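A quick note: this is a predicted structure, and the numbers were derived from the prediction, not measured. Quick note: residue numbers are just sequence positions, from 1.
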Amino acid sequence: ALPGVGLAAAVTAVAVAVATSGGSPRPTAPPGGPSARTVLLDAALLADRQPATSGKYWHVDSQIRWLQKVRAGGYLIADTSRSESWQVADRTGRAISRVQYLGARPARPTDRAAWRKAGSPHAFLTVEGKRTTTSPERLITARGAPAEILQGMGAAAQAGLDRLREAPADPVRLRAWLLALPDSPTRLRPIPKAKLRGVKPGVPMPSMPPPPSKAQVDHWLFVQGADLILYSPVTPQVRAAAFRMLAALPGVKLVGTVRDADGRKGTAVAMNEIDPGDKPEQLQQRLVIDPADGGALAYEEVVLGTNIIYPSLPAGTIASTTTVRTAGWTEKSPA
């Protein structure tokens, strides 16, 4: 599910992968400069100083971009979708989401030249067999319960609005709170009895999966902490605790200064994805932080090498990005 899209994403069948239309310039991290830990702790201090706000709705406005490779021509295109959601602050269970697919465009100047050479087509068939077009689709509005609208927002979806109000403003307790969520990798689920009854004689019985490694748990916490920082309706103090929790993860590294897909300058920290074999995957998740106020600007996936998620994209490509334009309380209702 796309972050911040939820029910409307299911209605419009927007792709799971999300990405940039060209990517950031080469990041700059000067030797001997600050570490990821220092950047995250500084962001926590800034977040702690932000005033607590309130309103009738928690409003998230985000734009989602993902790259695909065209079969005929081999150039890259960037698909874009914009989504907004409004969560009612009270316990009535009302929520609204709307999403619009904005179409595909050549991702970079070199891709635009290849697109023109191919006759500037308005429809594309990707190497994965997916079809897309340059034409925007109609705006889809959906109403539903917060659990539906929050779908795809990580910890926010798993906890629900009521439990999010209970998120602790202490990094150690926040870590434990996240690991107690339903989708936590540390919560081993028993094999359903129906599945056990269906095993034929002579066939080995299914066994419980092995417990996750520390590296896998840390990676999961990085993703969930980024979700809390990006667009979850938590207090500034909980957001600061999430920054401090990320600062304590040993696998987090500093990328440096980047520009997100909207051109905004920020500082990126990152962690490599961990595969089922407990090895770093050739794919990196990045959280782009606004150094001015300790907020977050974007979440990116970057291809480091050959991987199964983005097999057709070259190394160094920002394969997917979610840029958050607005994430805060408002009294203004959606039109």
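Under the 4.5 Å side-chain criterion, counting only non-hydrogen atoms from C-beta, Tyr310 is in contact with Glu301. Side-chain contact between Leu246 and Phe222 is present, with heavy atoms from C-beta onward closer than 4.5 Å. Using a 4.5 Å cut-off on side-chain heavy atoms (C-beta onward), Tyr231 and Tyr299 make no contact. Between Val288 and Thr321 the shortest side-chain heavy-atom distance does not fall below 4.5 Å. Side-chain contact check for Ser312 versus Glu128: some heavy-atom pair is nearer than 4.5 Å. The shortest distance between side-chain heavy atoms of Gln237 and Asp48 falls below 4.5 Å. Between Asp218 and Val252, the closest side-chain pair of non-hydrogen atoms is not below 4.5 Å. Residues Arg175 and Val217 form a side-chain contact, since some pair of their non-hydrogen atoms from C-beta on lies under 4.5 Å apart.
Annotation: the span from Gln87 atom CD to Ile96 atom CD1 amounts to 9.5 Å, rounded to 0.5 Å. Interatomic distance, CG of Leu164 versus CH2 of Trp58, reported as 10.0 Å (0.5 Å rounding). In this structure, the separation between CG on Leu102 and CG on Leu139 is 9.5 Å, given to the nearest 0.5 Å. The OG atom of Ser97 sits 11.0 Å away from the CZ atom of Arg143 when rounded to the nearest 0.5 Å. Rounding to the nearest 0.5 Å gives a distance of 4.0 Å between CD of Glu84 and CG of Asp61. Between the CG atom of Leu283 and the CD1 atom of Ile308 there is a distance of 9.5 Å, given to the nearest 0.5 Å.
Residue Leu287 is tested with Asp227, Val223, Val269 for a side-chain contact (heavy atoms from CB on, under 4.5 Å); the sole match is Val269.
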Checklist entry - Could you go step by step and tell me if Tyr101 and Ile140 meet the side chain to side chain contact (heavy atoms under 4.5 Å, CB included) rule? => result CA-CA 9 Å; Tyr101 174 70; Ile140 300 294; over 6 Å; no

Next on the checklist: Evaluate Leu304 against Asn272 for side chain to side chain contact (heavy atoms under 4.5 Å, CB included), listing each step before the verdict.
Outcome noted: CA-CA 9 Å; Leu304 302 179; Asn272 287 14; 3.6 Å; yes

Item to check | Pair Trp86-Lys56, side chain to side chain contact (heavy atoms under 4.5 Å, CB included): steps then yes or no | outcome: CA-CA 9 Å; Trp86 289 262; Lys56 186 175 181 180; over 6 Å; no

Next on the checklist: Run the side chain to side chain contact (heavy atoms under 4.5 Å, CB included) test on Ile64 and Val99 for me, step by step, so that the C-alpha distance in whole Å, both residues' side-chain angles and the decisive distance to 0.1 Å come before the verdict.
Outcome noted: CA-CA 10 Å; Ile64 304 160; Val99 65; over 6 Å; no

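Judged by distance alone, the side chain of Thr133 and the main-chain N or O of His122 form a donor-acceptor pair under 3.5 Å. Side chain of Thr323 to backbone of Gln63: a donor-acceptor contact under 3.5 angstrom is found. Within the 3.5 Å criterion, the main-chain N or O of Leu297 finds a donor-acceptor partner in the side chain of Arg264. With Trp115 contributing its side chain and Pro121 its backbone, the two residues share a donor-acceptor pair below 3.5 Å. Side-chain N or O atoms of Thr330 include one that pairs as donor or acceptor with a backbone N or O of Lys332 at under 3.5 Å. The backbone N or O of Val303 lies less than 3.5 Å from no partner atom in the side chain of Gln284, so there is not a single donor-acceptor pair. Although no hydrogens or angles enter the test, the distance criterion places no donor-acceptor pair under 3.5 Å between the side chain of Asp79 and the main chain of Ile77.
Of all the heavy atoms in Leu179 and Thr186, the pair that sits closest is O-OG1, 3.3 Å. For the residue pair Gly251 and Met271, the shortest heavy atom distance occurs at C-CE, 3.6 Å. Heavy atoms only, all atoms of each residue included: Arg239 and Ser232 are closest at NH2-O, 3.3 Å. Listed here is the closest heavy atom pair of Gln216 and Ser213: OE1-N, 2.9 Å. When every heavy atom of Ala247 is checked against every heavy atom of Leu41, the shortest pair comes out as CB-CD2, 3.9 Å. The heavy-atom pair separating Arg286 from Val258 by the smallest distance is NH1-CG1, 4.4 Å.
The pair Arg105-Asp111 does not count as a salt bridge, with every side-chain nitrogen at least 4.0 angstrom from each carboxylate oxygen.
Taking hydrophobic clusters as Ile, Leu, Val, Met, Phe, Trp and Tyr residues chained together by side-chain heavy-atom distances below 4.5 Å, Trp329 shares a cluster with Val324. At a threshold of 4.5 Å between side-chain heavy atoms, the hydrophobic network of Ile, Leu, Val, Met, Phe, Trp and Tyr places Leu174 and Leu249 in one connected group. Hydrophobic cluster membership is shared by Leu254 and Ile289, with clusters built from Ile, Leu, Val, Met, Phe, Trp and Tyr side chains linked at under 4.5 angstrom.
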